[in-house]
Structure formats: C-alpha cells, structure tokens
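What follows is one structure encoded as structure tokens, with my remarks underneath.
In what follows, chains carry the letters A, B, and so on, assigned in the order in which the sequence lines appear, proteins first and then strands, with residues in each chain numbered from 1.
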Amino acid sequence: MSEIQKSYEPQSVEDKWYQYWQTHGCFTADPSRVSERRPAYSIVIPPPNVTGVLHMGHVLNNTIQDILARKARMDGKEVLWLPGTDHAGIATQTVVEKTLKKQGAIRHRDDLGREKFLEKVWEWKDKQGGIIIQQLKKLGASCDWSRERFTMDPAYSRCVQRVFVELYRKGLIYRGRRMVNWCPVSLTALSDEEVTMKDQKGFLYHFRVEVAEAPGTFLTIATTRPETIPADTGVAVNPRDPRYQHLIGKHVIRALPPEQTREQRLIPIVADDKVDFEFGTGVLKVTPAHDKTDFEIGQRHGLGVIDVLTPDGHMTAEAGLDLAGLDRFAARKKAAEILEAHGALEKAEPYANKVGFSERADVPIEPRLSDQWFLKYPSLEKSRACVDPSESGESASPAVAGVSSSSHKMRFHPQRWAKVYDHWLGNIQDWCISRQLWWGHRVPVWSLELTPDAAARLSARIRHASIETLSNSDADASARSFSFSGVAGAESWVRWDGDTRTLQVATHSQDEEGALQELGFAQDTDVLDTWFSSWLWPFATMGWPESTPTLKAFYPTADLVTGPDIIFFWVARMIMAGYEFMGDLPFRNVYFTGIIRDKQGRKMSKSLGNSPDPLELIAKFGADALRFGIMRSAPLGQDVLFDEKDVELGRNFCNKLWNACRFRQMQGGEVQGEIDATRLATDDRWILMRLDQAIREIDAAYAAYRFSEVTQTLYRFFWSEYCDWYIEASKAAFTGDDAALKTNRIAVIDFVLSHMLRLFHPLLPFITEELWHGLGFSADMPPDQGGRTLMTAPWPHPLSETEKDIWGLDDTTEKVAAARYELVSLGRTLRAQFNVAANQKARFVLRPAGELPPAERDVIKLLLNADPLEIADSNWQPDKGTPAAANAVGELFLPLAGLVDVTAERSRLDRDLAKIRAEIVKVEEKLANPAFTSKVPAKVLEEHHQRLADWQSKAQQVESSLANLPAA
RNA sequence: GCGCGCUUAGCUCAGUGGUAGAGCACUUCCUUCACACGGAAGGGGUCGCAGGUUCGAACCCUGCAGCGCGCACCA
C-alpha cells in the first residue's frame with residue numbers, strides 16, 4: 001500500500017486476493033494436518049442447482065458459511081468447506097427442454113429420445129453449470145474447490161445406487177401401485193413435500209342423484225370437482241348419520257356421463273367413518289382414482305376404480321362424450337352445465353378451499369394412481385431423538401433433565417425449528433422417490449417377466465441357484481442375494497413379484513448390470529427424486545463408501561447453514577441418511593437463515609422483478625459491502641427485508657475502514673509492536689478496554705450464532721469508539737511535539753488495528769487482507785500465522801489480566817475518559833445552540849473540578865475546536881449569562897458577550913431543569929419506597945443513589961446558569 | 001382446526017426484569033490536513049390492546065387483536 005487512494009476501490013483488490021488465496025492453497029483442507037491441537041472443522045455447502053444463478057438467498061447463506069469457515073481457520077482449525085452442485089432433476093430437464101424447443105430443435109423431448117436428450121442436458125450442464133460456482137468465488141467463498149462435487153458425478157451416482165440397493169435389500173424400498181401427487185405439467189409423480197397448499201376460489205356444486213331402489217328419492221351431494229363424477233364408483237355417508245342410515249347398501253344412479261345406461265351408472269351407497277356429516281349434505285361422492293381419501297374409502301368397501309384423466313390433465317373417453325378430450329378445468333365448467341341441463345344441479349355456491357399445487361410448475365396437482373417406488377424412512381427413531389424439541393433446549397440443566405439432554409446431540413438455531421422437525425418426523429409418510437423424468441439417477445432395478453423362454457435363458461446363466469429359489473413366491477419383504485455375473489463381490493438383490501410374474505433385481509455392480517442386460521432384463525425407466533441423492537451429500541462428497549482420510553477427518557461436519565424451507569426436503573433426510581449409513585449424525589449444528597424479502601416484505605421472485613442481481617451489487621459496491629450489508633440486517637431466525645441501501649451502508653463502512661487505515665499510514669513509520677505502558681494516555685487505555693470489551697461481545701455473539709450482533713458490535717467499536725473518539729483524540733498527540741508519545745500512540749493504533757482487521761476478516765475478507773498487507777502487519781507475523789495471509793492469523797483473544805495490569809486498565813480510567821468525552825459533547829452542544837460554526841475556532845473557559853494534566857486539556861481543546869481553551873481557577877467568575885455546561889470533569893463556559901438571547905436561553909434552561917427535576921422525582925420516589933430499598937439488590941440500590949446524585953448535580957448546574965443570567 | 005413467529009422512533013430492526021437503543025430517513029450547521037461513501041448538533045417512541053405477577057415489566061404469565069408462515073384427508 002505505497003500510495004493509498006482516497007477511497008476504497010474493491011474491484012482492483014478482490015480478484016487479486018481471491019487469486020492469491022487459491023494459488024496458495026489457502027482453501028484446501030488437508031486431513032493429515034488434523035490433530036488434537038488442530039481439530040477439524042467442516043461444512044458442506046447446500047448444493048445449488050447446477051443450472052442456477054446466484055440470488056440473494058445464496059448470498060446470505062454462503063456468506064454465513066464463509067464467515068464460519070474463515071473464523072474457524074483463524075481459530076486454528078483445519079477447515080473443509082466442501083462445495084458442489086445439485087443436478088436438480090425437474091428444474092434442469094425443464095430448462096433444457098424449453099431451450100431446445102425455443103431453438104426450434106425439438107417439439108418434444110421424445111423427438112430426441114432419452115439418450116440424445118441426456119447428451120443435450122450434459123452439454124448444457126458443462127456450459128452453464130459453472131456459472132454459480134464462479135459467482136460464489138466473486139462473493140469470496142473460501143470453499144475447497146479441489147473437492148467440488150456434483151450429484152451426477154460417476155462416483156456420486158454409485159453412492160446413490162449403493163444406497164438404493166441397500167435399502168431395497170432391507171425391504172425399505174418397494175414398488176407399489178398407490179395414490180401419488182401427480183404433476184400434469186411435469187408429467188411426473190412428486191413427493192408430499194413438493195406440494196404446497198394454496199387457497200383457491202371456486203364453487204361448491206350441489207347436485208342430486210336418485211336412489212335406484214327408491215325412485216323419487218334423491219340425495220344431494222356437494223363437490224368442488226363435478227368433472228370427476230364419471231369416475232365415481234360409490235357414494236359414502238357416515239354410518240351414524242340418521243338421515244341416511246336406511247339407504248346404506250342401496251344404490252344411486254350416477255349423474256354422469258348421461259349417455260351411459262342405468263346399469264352402467266349404478267353405484268353403491270357405503271358407510272364410512274371418514275365422512276363428515278357436518279360438511280355439505282353429509283353425502284360424499286367417492287372417486288377412488290382421483291382422490292386420496294376416496295381411494296382409501298374405495299379400498300375399504302371394494303369399490304372399483306375408474307380413471308377419467310390423462311397424465312396431462314385432460315379427460316379420457318371414460319368421462320363421456322361431452323367431456324372427453326377437455327382440459328380438466330374446462331371439463332369442470334362443462335360438467336356443471338350438463339348437470340344443470342339435466343336439472344340435477346341444485347346450486348353452485350362460491351367456495352374457498354385449499355388445493356395442492358406443484359411447487360415447481362405452479363399448477364394444481366392431481367392425485368393419481370400409479371406404480372411408483374417408495375421408501376420407508378430409515379433410522380427414524382435416532383433421527384428424531386437427536387434433536388430436542390422442548391422449549392428449554394438451550395438451558396436444559398443436568399439436574400432437571402432426568403432424560404439426559406446429552407442424548408440430544410444436535411442443535412438447531414434458532415431452536416424453535418426443532419419442534420417443526422419433530423412434528424414432521426412424528427407424522428411421516430413413505431417417500432415417493434421415483435420420478436418420470438430422464439435427467440437424474442436411474443432406478444437401479446432391472447426386471448424380467450418370467451416367461452418359459454426367459455426361464456430357460458436364466459437357468460443357462462444362473463450358477464448357484466435355481467429359478468425356483470429365485471422366484472419363490474413366499475419370499476419375505478427383504479430381497480435375497482444373488483450374483484448373475486458370477487464375478488466375485490458383484491451382488492444383486494432379487495425379489496419376486498407374483499402379481500406381474502416378474503423378477504426384480506437391484507444392483508449397483510456394473511458387472512451385474514451387463515449380465516442382466518444379456519439375460520433380457522430391462523432397467524426401470526424412472527429416475528430418483530433429486531433429494532434421494534442430496535440426502536447423502538455430507539458423506540457421499542467425502543468419498544463414502546470408502547473410508548477415505550477426508551471422511552475420517554471431517555465427518556460429521558460441524559455446522560450446516562440452510563433455509564428452513566428445506567428442513568424436510570433435505571435436513572431431516574440427511575440426518576436419517578447419516579445415521580443409517582455412517583452410524584452418526586451428519587452435523588452438530590444447523591443454522592436456519594431467514595428468507596430474503598424485498599423492502600415491502602415480498603418474497604424475491606423473478607416474475608416480480610424484485611430480486612437484485614448480486615453480481616451487479618458486487619460490481620457497484622464490492623463483495624465486502626454486500627456481505628456486510630446483508631449480515632448487518634440478518635438477525636437470527638428472522639426474515640431479511642433487503643434493501644440496496646444496506647449494501648450502500650456496507651460500501652460506506654468499507655470506505656471508512658479504508659480511510660482509518662489510511663490515516664494510520666499517513667502518520668508514517670514501521671509497524672510499532674511495543675507499547676510503552678508508562679506513556680499510555682487515558683484515551684489509549686480507554687480504547688484498549690473498549691477493544692477488550694468488543695472481543696468479548698463478538699466471541700459471545702459467535703458462540704450463539706448471532707451474526708448480526710457480531711456485525712453491529714464491530715460497527716459500534718470501529719465507528720463510534722475508535723474513529724469518533726479515539727482517532728480524533730489522537731490527533732492531539734500527533735499535532736504535539738512529543739516524539740516518543742507519538743510513537744507510542746502509533747503502537748496502540750497498530751495494536752488496535754491489527755486486532756480489528758482480524759476481527760473483521762471473516763466478514764470482510766478482501767479489504768482486510770489488502771489492509772493487512774498494506775499496513776505491514778503481514779511482515780510482522782510468521783508465514784503460517786498471518787504472515788502470508790490474514791486468513792491464518794490467530795483470532796484475537798480478550799486481554800489477559802496481566803495485560804490489563806501492565807497497561808493500567810481499570811474501571812476508573814474508563815470512567816475518566818468517558819466523562820471527558822461527555823464534556824466535549826456538552827461543549828459541542830453549546831456551540832450548536834449558540835450557532836458557533838463547527839469550523840470556527842471558539843474561546844472556551846474550563847474550570848476543572850480536579851486535577852487535569854496538560855495532555856488531557858489538549859485533547860479537550862482539539863475535540864472542541866476550542867481556541868483558546870482557558871483554564872480558570874475556582875475564583876474565576878463568568879460574565880452574567882455566559883452559556884455553560886458541567887459534569888464530573890468540571891465546568892465549561894462559552895463566553896459570548898452580548899450574543900446571548902437571554903429570554904430564549906432562560907426558557908431553554910427552564911425546559912432542561914424541568915426534565916431533570918422530573919427524573920429526580922422518579923428516582924426519589926423509588927428510594928423513598930421501603931419495599932424498594934429493602935428488596936432490591938445492593939448493586940441496583942447503589943446505582944439509584946448514584947443516579948440521584950448525578951441528576952441533582954445537573955440540576956444545580958442549570959440552576960446556577962439560570963441565576964447567572966442577566967435580568968431580562 | 002393445530003402449531004410457530006412477529007407487533008418498539010417515519011422506515012428496517014436490536015434490546016428477556018433495574019435511566020428506551022442502532023442504522024436509514026428528517027432538521028440545522030460544517031468541505032477543518034483519514035474519510036462528504038464524511039463530521040457536529042438536534043427533533044422524533046404512553047414498546048399492538050387488556051388484565052396479572054413483581055419494590056420495579058418493552059422484557060415473565062394469561063387473554064385478545066392484527067400480520068406472516070408452517071402443518072392438516074373436510075369433499
């Protein structure tokens with residue numbers, strides 16, 4: 001930093017240092033360095049979508065991770081922050097398909113076929129997939145890029161297969177024909193978590209059906225979906241509902257489609273507890289093919305299943321002539337019209353209800369019966385037990401916790417998410433893990449229908465077992481082991497499906513895959529839910545199933561930083577996978593960020609256009625500014641209302657920091673390492689104590705994951721204490737002529753700055769590194785202790801008792817300094833009140849209450865811009881009406897002969913006095929209350945006495961000023 | 001319906017029992033040799049409402065209201 005510029009220009013600094021850190025391997029974790037003295041610290045990044053671009057949520061999330069990682073390095077830990085990306089099945093496939101369509105290359109992905117289409121996706125991934133990684137680097141993320149992973153990497157894919165097969169073997173993964181959430185746009189099944197309930201305005205249609213056995217008797221049914229009437233296979237009433245008991249077992253004539261015969265339209269009236277007789281008419285149409293509850297009712301009563309919807313949400317021929325081919329929403333209107341035309345529609349009343357929407361495609365999902373793969377969640381009990389959902393999670397004292405809080409080994413921050421987590425795990429349903437997509441991990445199951453021909457082929461190949469063994473239909477839930485290839489170690493897990501007479505074989509062995517293909521087995525066409533790969537992230541990225549040095553050193557990870565919106569999708573499932581496959585939890589702490597919103601509180605979204613581009617913000621204000629701005633306004637567990645002003649504030653802050661260091665540099669000289677305790681001024685002692693206090697507060701805030709508090713403390717210490725008071729006061733020493741004093745002052749400044757830059761580094765990595773080198777602090781340290789980079793400088797510790805003793809730091813010193821600053825403020829207020837311009841030298845007279853060394857006087861003089869500052873003895877008397885202020889340091893006068901508006905001054909002083917007296921009354925009343933004085937702690941009582949004395953002396957001062965006013 | 005969170009200065013938010021705070025915005029003054037991306041001074045709040053506990057409540061308890069978010073098979 002030879003020629004330091006007047007303002008900080010991040011552009012020239014950021015790329016330089018990022019490059020430097022990378023070429024020096026500062027981000028690379030080395031498991032061999034881990035030891036008792038150098039513990040491991042690890043974080044895995046929540047992998048962003050490989051085709052995604054950086055948004056403000058990423059900024060918040062990754063800034064926090066970077067802060068944790070950089071802080072841990074400075075704490076002397078071996079740090080692994082493991083980065084990577086996620087293949088994001090539906091999102092990526094949709095994006096690529098849309099792009100190809102837009103280019104006119106295809107009309108549908110079928111035009112290309114699976115293989116060709118996947119080639120295109122990989123091309124896209126190779127071209128676009130690095131973007132977000134590059135953006136993270138701009139932000140300053142200190143990830144170990146040598147370990148970057150992608151969920152579709154070959155090794156990672158093997159992990160996914162292995163896990164699938166393992167769970168298949170245990171019988172936890174099974175294929176079944178069940179009701180699933182079907183997205184008619186993406187044309188795939190979704191998990192329950194991918195469905196969000198939305199309020200919808202629609203109609204509740206009331207229509208009549210005739211009871212077949214009692215002509216002329218009608219039942220009225222209420223429904224929001226009349227288009228599914230053709231799929232009704234029954235009508236249900238509550239068995240305890242007296243209105244309908246006599247009709248149970250009879251039939252009604254289904255209203256649609258009208259062209260069907262009476263026989264075709266007869267459906268039974270069944271009794272089922274699930275029917276709520278408060279709702280509507282208490283009669284429920286049962287549509288097993290298109291409603292989950294109805295499906296269950298249908299199962300209980302042996303009702304048939306009629307499917308009237310195509311996968312993309314259009315009506316089938318089964319829906320009847322009028323509806324066939326219509327879109328489901330058009331069909332709804334049409335069905336109502338037909339009912340009306342036949343006189344069956346009683347009324348259609350406006351109705352608000354909740355409808356499940358596909359989170360991705362933002363359209364209503366269809367409950368649909370289909371063959372899918374499901375997972376019974378593993379290691380549920382352990383996963384649930386490891387997080388304590390009780391309110392008192394933070395303080396559970398061993399005495400109270402009979403159940404032992406040590407069994408809860410994981411902490412959520414904020415704690416309240418533990419309850420949400422616990423509730424979800426307590427009400428969990430099997431996970432539908434198959435997706436009807438092409439982009440993803442293909443289900444590693446091969447199947448073959450056991451025709452006589454196939455059996456012959458199999459027996460020629462099978463070496464150790466007979467077909468009878470393999471196809472034994474009484475096989476239990478778990479699969480049996482067998483190798484088709486005969487290669488040692490190559491295993492398959494076989495299950496017999498009696499219904500379809502097929503053999504199902506799951507394997508993660510390439511040899512087996514080849515052998516199976518030769519035998520005519522066909523691989524399942526579905527792929528797995530993306531989360532089925534990301535739930536393995538903490539260990540699959542570290543080389544599992546091999547016991548690699550990385551895995552041994554860095555699993556389990558320390559902290560996970562993520563959004564609460566994926567607590568079920570990802571966090572909970574990772575915990576289960578961790579216990580199931582590693583036998584240990586995947587992380588010890590989970591920090592849930594808030595959600596970034598705009599300043600009106602709306603979620604950031606592309607369609608609203610309210611989502612600022614972080615890269616533009618970085619270009620405009622600098623990465624440090626962005627980091628600072630967002631961290632300062634991101635309190636623990638609350639959503640963040642983001643405003644560009646926040647980043648501007650960060651920019652201003654960086655500039656201030658830059659200039660504070662520039663000021664130091666302008667004083668010249670080398671780094672001053674030795675502080676001479678005998679030459680310490682009150683101001684020096686004061687700032688050292690404030691530094692000590694700041695370090696303690698920051699450490700406490702980090703321990704509680706309160707990052708905004710860290711930021712605010714740093715802000716206060718640097719700006720309000722160091723700059724506003726200490727540096728300003730130091731100018732007195734620098735304009736003086738005591739060289740030794742100046743040198744010592746510089747030593748204190750260097751001490752404070754070198755600590756401050758370290759405290760700031762996790763938050764502001766770029767500017768601090770630049771200043772660290774520019775001020776020469778790096779030259780003062782061993783290479784691996786901050787000499788090469790601030791990244792490895794040791795984290796500051798609070799001052800020791802020895803240091804405090806040597807430097808003479810005590811409460812009295814602090815009070816003396818604070819009182820002097822207070823007097824300066826009082827004097828400045830006088831200036832402002834009497835319109836003495838700030839840049840105008842003014843004559844002040846100070847009548848000190850006690851001893852006041854010349855150096856102290858000089859500071860007051862400078863801070864007040866007083867010239868002259870006359871020191872008066874106790875006999876000196878001001879002219880009548882001289883503005884004055886006083887505190888423990890003494891009385892300060894601003895002589896303004898003839899300039900004072902006596903009337904205005906009197907009323908100002910009267911107002912002040914009234915306020916002061918009100919305070920005195922408040923304290924006096926408290927002190928006069930025996931209940932107060934007898935019960936309150938001694939310390940509080942003492943404080944009140946002191947407060948009373950302070951107010952009283954202020955009152956006296958104002959009173960004497962009033963008395964000193966000339967008669968008006 | 002159940003659960004969670006929020007309600008403090010014009011705005012965004014800190015503040016968990018002992019004198020109501022910060023940043024921004026606002027008003028006035030100042031380009032004084034680190035910084036106008038700056039400095040100085042100032043105005044502005046019965047801490048959502050109502051009870052209760054306490055010597056003392058923004059803070060603890062109860063109830064209510066408003067806003068937001070989860071979860072839930074009311075067609």
Note to self: Counting primed atoms plus P, OP1 and OP2 as sugar-phosphate and everything else as base, spell out the protein contacts along nucleotides 35-45 of chain B at 4.0 Å heavy-atom distance: B, S or - for each nucleotide, 5' to 3'.
What the structure shows: BSBSSSSS---
Next item on the list: Indicate for each nucleotide in nucleotides 65-75 of chain B, in 5' to 3' sequence, whether protein heavy atoms under 4.0 Å reach the base (B), only the sugar-phosphate (S), or nothing (-).
Entry: ------SBBBB
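The separation between A:Arg632 atom CZ and B:G21 atom P is 17 Å, rounded to whole Å. When rounded to the nearest whole Å, the span between CG of A:Leu775 and C1' of B:A34 equals 12 Å. As a whole-Å value, the separation of A:Glu919 CD from B:G18 P is 17 Å. Atom CD1 of A:Ile767 is separated from atom C1' of B:A34 by 13 Å (rounded to the nearest Å). Atom pair A:Glu697:CD and B:G15:C1' shows a separation of 13 Å (rounding to whole Å applied). Atom pair A:Ile567:CD1 and B:G3:C1' shows a separation of 13 Å (rounding to whole Å applied). A straight line from NZ of A:Lys939 to P of B:G18 spans 10 Å, rounded to a whole angstrom. Summarising the geometry, the separation between CD on A:Glu943 and C1' on B:G17 is reported as 13 Å, rounded to the nearest angstrom.
Nucleotide B:U12: paired with B:A22 (Watson-Crick or G-U wobble, both distances less than 3.5 Å). Under the Watson-Crick and G-U wobble criteria, each requiring two contacts below 3.5 Å, nucleotide B:U53 is left unpaired. Within the shown strands, B:C64 is the pairing partner of B:G48 under the Watson-Crick or G-U definition, both distances less than 3.5 Å. When both pairing distances are held under 3.5 Å, B:C33 makes no Watson-Crick or G-U pair with any nucleotide shown. Of all nucleotides present, only B:A41 satisfies the Watson-Crick or G-U wobble test against B:U27, with each distance under 3.5 Å. Under the Watson-Crick and G-U wobble criteria, each requiring two contacts below 3.5 Å, nucleotide B:G1 is paired to B:C71.
For the pair A:Arg632 (side chain) and A:Leu649 (backbone), a donor-acceptor distance under 3.5 Å is absent. When atom types are taken as modelled, the side chain of A:Asp291 and the backbone of A:Val286 share no donor-acceptor pair closer than 3.5 angstrom. Listed for the A:Thr281 side chain is a donor-acceptor partner under 3.5 Å among the backbone atoms of A:Thr220.
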Identify each donor-acceptor pair in which a side-chain atom of residues 420-427 of chain A lies under 3.5 Å from a protein atom, sequence neighbours left out, and give them as a table.
| from | atom 1 | to | atom 2 | distance (Å) |
| --- | --- | --- | --- | --- |
| A:Tyr421 | OH | A:Ser383 | O | 2.7 |
| A:Asp422 | OD1 | A:Arg384 | NE | 2.9 |
| A:Asp422 | OD2 | A:Arg384 | NH2 | 3.4 |
| A:Trp424 | NE1 | A:Glu193 | OE2 | 3.3 |
| A:Asn427 | ND2 | A:His423 | O | 2.7 |

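At the heavy-atom level, A:Pro937 lies under 4.0 Å from base atoms of the strands shown. Within 4.0 Å of A:Arg416, counting heavy atoms only, lie sugar-phosphate atoms of the nucleic acid but no base atom. Contact annotation for A:Asn839: base contact, defined as any heavy-atom pair under 4.0 Å involving a base atom.
Comparing the same atom, P, in B:G23 and in B:A14 gives a spacing of 16 Å after rounding to whole Å. Annotation: B:G45 and B:A9 have their C1' atoms spaced 5 Å apart (nearest Å). Taking atom P on both B:C64 and B:G3, the two are 12 Å apart, rounded to the nearest angstrom. The same atom, C1', is picked in B:A40 and in B:U31; the two are 13 Å apart, to the nearest Å. The separation of B:C69 from B:C74, taken at their C1' atoms, amounts to 22 Å, rounded to a whole angstrom. Spacing between B:A65 and B:A75 at atom P, rounded to whole Å, works out to 24 Å. Only the P atoms considered, B:U53 is 15 Å distant from B:C61, to the nearest whole Å. Nucleotides B:G51 and B:A58, compared at atom P, are 14 Å apart to the nearest Å.
Separating the CG atom in A:Leu830 from the CZ atom in A:Phe834 is a distance of 6.5 Å, to the nearest 0.5 Å.
Here B:C29 is the nucleotide among B:A14, B:C29, B:U19 with the atom lying nearest to any side-chain atom of A:Ala837.
Applying the 6.0 Å contact sphere to CZ of A:Arg240 captures no more than 12 heavy atoms from other residues, nucleotides or ligands.
A:Lys656 forms no cation-pi arrangement with A:Tyr715, by the criterion of a distance under 6.0 Å to the ring centre and an angle within 45° of the ring axis.
A donor and an acceptor atom, one from each side chain of A:Asp950 and A:Gln946, are located under 3.5 Å apart. For the residue pair A:Ser191 / A:Glu194, a side-chain donor-acceptor distance below 3.5 Å is found, with atom types taken as modelled.
Ring centroid separation for the pair A:Tyr591 and A:Phe707 comes in under the 6.0 Å cut-off.
Classified by interplanar angle (parallel below 30°, tilted 30° to 60°, perpendicular above 60°), the ring pair A:Phe653/A:Phe718 is perpendicular.
Each of A:Asn835 and A:Asn929 was matched to the nucleotide of RNA chain B holding its nearest heavy atom; the match closer to the 5' end belongs to A:Asn835.
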